[in-house]
Every structure is written in C-alpha cells, then in structure tokens.
Number of protein chains: 2
Amino acid sequence: MAGKSGGERPLAESSAFRLTVLGTHLANDFAEHLRAAELTPKHLGMLTMVEQGFATTQDDVARLMRVSPSLVVRLADHLEQRGLIDRSRDPANRRRHIISVTARGRSVLDEAGSYAATLDAWLAESLGPRLDRELAGALARLMGRLTEG
Amino acid sequence: MAGKSGGERPLAESSAFRLTVLGTHLANDFAEHLRAAELTPKHLGMLTMVEQGFATTQDDVARLMRVSPSLVVRLADHLEQRGLIDRSRDPANRRRHIISVTARGRSVLDEAGSYAATLDAWLAESLGPRLDRELAGALARLMGRLTEG
DNA sequence: TATTGTTATACTCTATAACTATA
DNA sequence: TATAGTTATAGAGTATAACAATA
C-alpha cells in the first residue's frame with residue numbers, strides 16, 4: 001500500500017492538470033491562427049512579454065518563458081526579420097541586446113488580440129457572466145505571480 | 001485605420017491568452033516531473049482520457065486530444081510497452097482497438113495526482129481560498145465543454 | 001467506399017555544448 | 001571568472017502520406 005490510492009484528489013480533478021489541458025487546446029487554436037503569419041505561440045509570447053515591459057533583454061525572455069537562450073536567439077531573429085522587433089546594443093552593458101516592439105509588431109499583437117477575443121467569447125459563452133468574471137480574476141492574479149517571480 | 005488599435009482588450013489581458021501561458025508553464029512542470037518515468041504530458045493526457053471513460057479507442061483519443069492518429073499509435077505503443085494500458089480488438093468491430101488502463105497505469109495516475117496536488121497547492125497559495133474555489137468551478141465547467149464537444 | 005489503425009518519412013521545435021564578446 | 005548572446009549540432013515530438021485490414 002505504498003501510495004496506492006493515496007486519499008488525494010484524482011489527477012483529472014486537479015486544477016493544475018485542467019489548466020494544462022485547456023492551455024494546450026487554446027495554444028493549438030492560437031498556433032493554427034498564427035500559421036498564416038509564420039509565427040508560433042512562443043513568438044507571440046515573447047512579443048507580449050517585451051511589449052508589456054516584463055522583459056527588455058533576450059536573457060529576460062529566456063528566464064521568464066523558461067526556454068533556452070539559444071531558442072530566444074532564433075525567436076528574435078525570426079521576429080526581427082519580419083520587422084516586428086528591433087534589437088539594439090545596451091550602451092551601459094554592451095553584452096546585452098535591448099529588444100523593443102515595432103509599430104508593425106504592435107499591429108500583429110492587435111490582430112492577435114482580436115482573435116483572442118473570439119476565444120474569450122467562447123469561454124464567456126461556456127461559463128456565463130459570473131464564472132467568466134471569476135475566471136478572469138483568478139487568471140489575473142496568477143499571471144502576476146508568474147511575472148513577479 | 002484598418003484594425004489599428006481596434007478598441008478591443010489587449011492580448012495580454014485575454015483570458016484565452018493567459019490560459020495558454022499558464023497552461024504551458026504547468027505543462028513544463030509536469031514534463032519535468034514525468035521525465036523520470038519516460039513519459040510526456042501527452043501520455044498522461046491519453047491515460048487520463050481513457051481512465052475517465054472519455055475515450056475507449058485510439059480514434060477517440062486522436063479526436064479528443066486533437067493529435068494525429070499516427071501519434072496516438074506511438075503513444076499507445078509506449079504506454080503498452082510499459083504495461084500501463086492494454087490493447088484488445090473490439091469483437092463488434094475488429095478495426096477498433098479498445099484501450100484500457102492497467103493497475104500499473106492507475107498507479108502512475110495516482111502518483112501524477114500526488115504531484116498535481118503540489119502544483120494545486122501553489123495555485124491555492126497564490127489565489128487564496130475564494131479565488132481558488134472560483135477557478136476550480138470555472139475549470140470544471142470548461143473541461144465539460146471540451147469532452148462533450 | 002469509409003473507417004481504424006499502422007508504417008515510413010520528413011519536418012519543426014527545442015535543448016546542449018562549444019564559442020565569442022563583453023564585464 | 002561570470003554574464004549575454006550566438007552558432008552548430010543533435011534529439012524529441014509531431015504531422016503527412018501511403019498503406020492494410022475491416023466494415
């Protein structure tokens with residue numbers, strides 16, 4: 001009886017597990033939508049982290065998104081080639097690249113936001129007004145935890 | 001002014017976008033934890049869908065998880081080799097493989113559930129009792145939508 | 001002719017390791 | 001000696017297409 005049916009809640013009822021399932025489904029939706037622009041959800045994530053001011057260098061992005069620095073190079077190359085970000089040396093520390101989102105990058109974010117609104121509408125329709133508002137509140141809090149720590 | 005700053009909520013405040021970010025982070029945590037057992041989050045997802053009765057054949061799994069049938073073959077091979085599922089022909093329709101979770105499979109799910117509980121604890125600690133309960137309610141509803149449709 | 005599953009193949013994503021340049 | 005970024009390489013994950021078996 002070593003941890004056999006250990007009294008805990010089953011995996012399928014765990015909020016963490018449910019968040020991964022839902023998150024994966026929605027990430028698939030974003031991926032399909034972004035394919036036309038030759039972008040992936042990770043590109044969008046990086047763009048957002050920079051635009052929101054949570055990351056200003058590639059190193060920031062790597063830590064925040066928990067991906068390898070070499071992947072950030074690829075993402076940044078890709079975004080820069082398409083004119084969605086600018087890279088400039090930090091004069092204070094010439095090892096760093098300071099990333100900024102261009103006007104075209106912001107318009108990509110706007111367009112993605114408008115697609116996100118259609119997904120949000122599906123959520124709202126599934127949840128009804130009260131649960132939808134409660135979900136939004138919880139997610140806002142959790143995003144804060146991710147970007148702070 | 002073609003959809004420039006189109007009055008919508010910014011991407012970063014979309015619940016759908018936040019769910020993908022959170023879901024990806026948590027999926028990373030699951031992936032790290034599962035690595036020791038040579039399993040991925042997708043293996044766990046398949047195991048759960050079968051154990052919960054939402055999928056009984058490989059085709060069900062493919063549709064429910066939105067992955068290709070050929071990937072399901074690989075996942076099933078992997079799980080079967082480790083004794084976590086059984087595959088048997090459906091006598092009523094000999095094209096189908098009926099999947100069932102073995103005792104060892106259930107103990108893997110139990111162990112994963114106990115890891116999920118530690119992630120849930122982090123969520124609860126971040127949210128406090130009320131938001132945590134509200135999140136759980138919203139997620140339960142949304143999971144229902146995924147498995148029904 | 002459509003469904004279920006399988007195999008062969010190729011491609012995308014991502015990490016690791018070795019390297020450059022700054023500090 | 002440590003940090004930021006890059007390059008080269010290899011591995012994991014996944015889809016597509018062609019196929020076999022059954023309905």
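By convention in this document, chain letters (A, B, ...) are assigned in the order of the sequence lines, proteins followed by strands, and residues within each chain are numbered from 1.
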ask   = What pairs meet the side-chain hydrogen bond (donor to acceptor under 3.5 Å, both in side chains) rule with one or both residues in residues 34-43 of chain A, with sequence neighbours excluded?
value = A:E38-A:R82, A:T40-A:H43

request  = State, yes or no, whether a side-chain contact exists between A:L139 and B:L22 at a heavy-atom distance under 4.5 Å.
outcome  = yes

task = Can you tell me which residue pairs pass the salt bridge (Lys or Arg N to Asp or Glu O under 4.0 Å) test with a partner in residues 48-57 of chain A, sequence neighbours excluded?
result = none

task = Pick base, sugar-phosphate or nothing for A:V72, based on heavy-atom distances below 4.0 Å to the nucleic acid.
result = nothing

request  = Select base, sugar-phosphate, or nothing to describe what B:R89 touches, counting heavy atoms under 4.0 Å on all strands.
outcome  = nothing

inquiry  = Under a 4.0 Å threshold between the charged nitrogen and the carboxylate oxygen, would A:R106 count as salt-bridged to A:E111?
reply    = no

key: Over 12 non-hydrogen atoms of neighbours within 6.0 angstrom of CZ in B:R130   = no

inquiry  = Tell me which residues in residues 37-48 of chain B lie within less than 4.0 Å of DNA chain D, going by non-hydrogen atoms.
reply    = B:T40, B:K42

key: Check: C:dT22 base within 3.5 Å donor-acceptor of A:R95 side chain   = yes

key: Shortest non-hydrogen contact from B:V21 toward A:L146   = CG1-CD1, 4.0 Å

key: Flag if over 12 foreign heavy atoms under 6.0 Å of CZ, B:R89   = yes

request  = List in chain and number order the residues that pass side-chain hydrogen bond (donor to acceptor under 3.5 Å, both in side chains) with A:E13, two or more places apart in sequence or in another chain; answer none if no residue qualifies.
outcome  = none

Contact list (N/O, under 3.5 angstrom) for nucleotides 16-20 of chain C vs protein:
| residue | atom | partner | partner atom | Å |
| --- | --- | --- | --- | --- |
| C:dT16 | O4 | A:S70 | OG | 2.8 |

query = Mind checking what makes side-chain hydrogen bond (donor to acceptor under 3.5 Å, both in side chains) contact with A:S100, not counting sequence neighbours?
reply = none

remark   = Heavy-atom closest pair (A:I85 atom, A:E80 atom, distance to 0.1 Å) is CG1-N, 3.7 Å

task = Check the pair B:R87 / B:D77 against salt bridge (charged side-chain N to carboxylate O under 4.0 Å, His left out), numbers first and verdict last.
result = CA-CA 9 Å; B:R87 270 199 275 213; B:D77 285 349; 2.3 Å; yes

query = In whole angstrom, what separates A:D77's CG from C:dT14's P?
reply = 15 Å

remark   = What one should report as the nearest heavy-atom pair of A:A138 and B:L131 is N-CD2, 3.9 Å

task = Give the first and the last nucleotide of DNA chain D, reading 5' to 3', that has any atom under 4.0 Å from a heavy atom of chain A.
result = D:dA2 to D:dT7

request  = Can you tell me which residue pairs pass the salt bridge (Lys or Arg N to Asp or Glu O under 4.0 Å) test with a partner in residues 14-31 of chain A, sequence neighbours excluded?
outcome  = A:D29-B:R66

ask   = Roughly, in whole Å, what's the span from CZ in B:R96 to P in C:dT4?
value = 5 Å

note = Sorted by position of nearest nucleotide on DNA chain C, 5' first, the leading residue of A:D90 and A:L75 is A:L75

ask   = In whole angstrom, what separates B:D59's CG from C:dG5's P?
value = 5 Å

remark   = Sequence neighbours excluded, the answer for side-chain hydrogen bond (donor to acceptor under 3.5 Å, both in side chains) partners of B:T24 is none

ask   = Which whole-number value in Å describes the distance from A:R66 CZ to C:dA15 P?
value = 11 Å

message = Can you list, in residue-number order, the parts of residues 26-36 of chain B that come under 4.0 Å of DNA chain D, counting heavy atoms only?
response = none

message = Taking the axis from the first five pairs and the axis from the last five, what angle separates them in the helix from C:dT1-D:dA23 to C:dA23-D:dT1, rounded to 10 degrees?
response = 0°

message = Restricting to non-hydrogen atoms, name the atom on B:L44 and the atom on B:A112 that form the minimum distance, rounded to 0.1 Å.
response = CD1-CB, 3.8 Å

inquiry  = Once side-chain hydrogen bond (donor to acceptor under 3.5 Å, both in side chains) is applied, what residue pairs with a partner in residues 113-123 of chain B remain, sequence neighbours excluded?
reply    = A:S14-B:D120

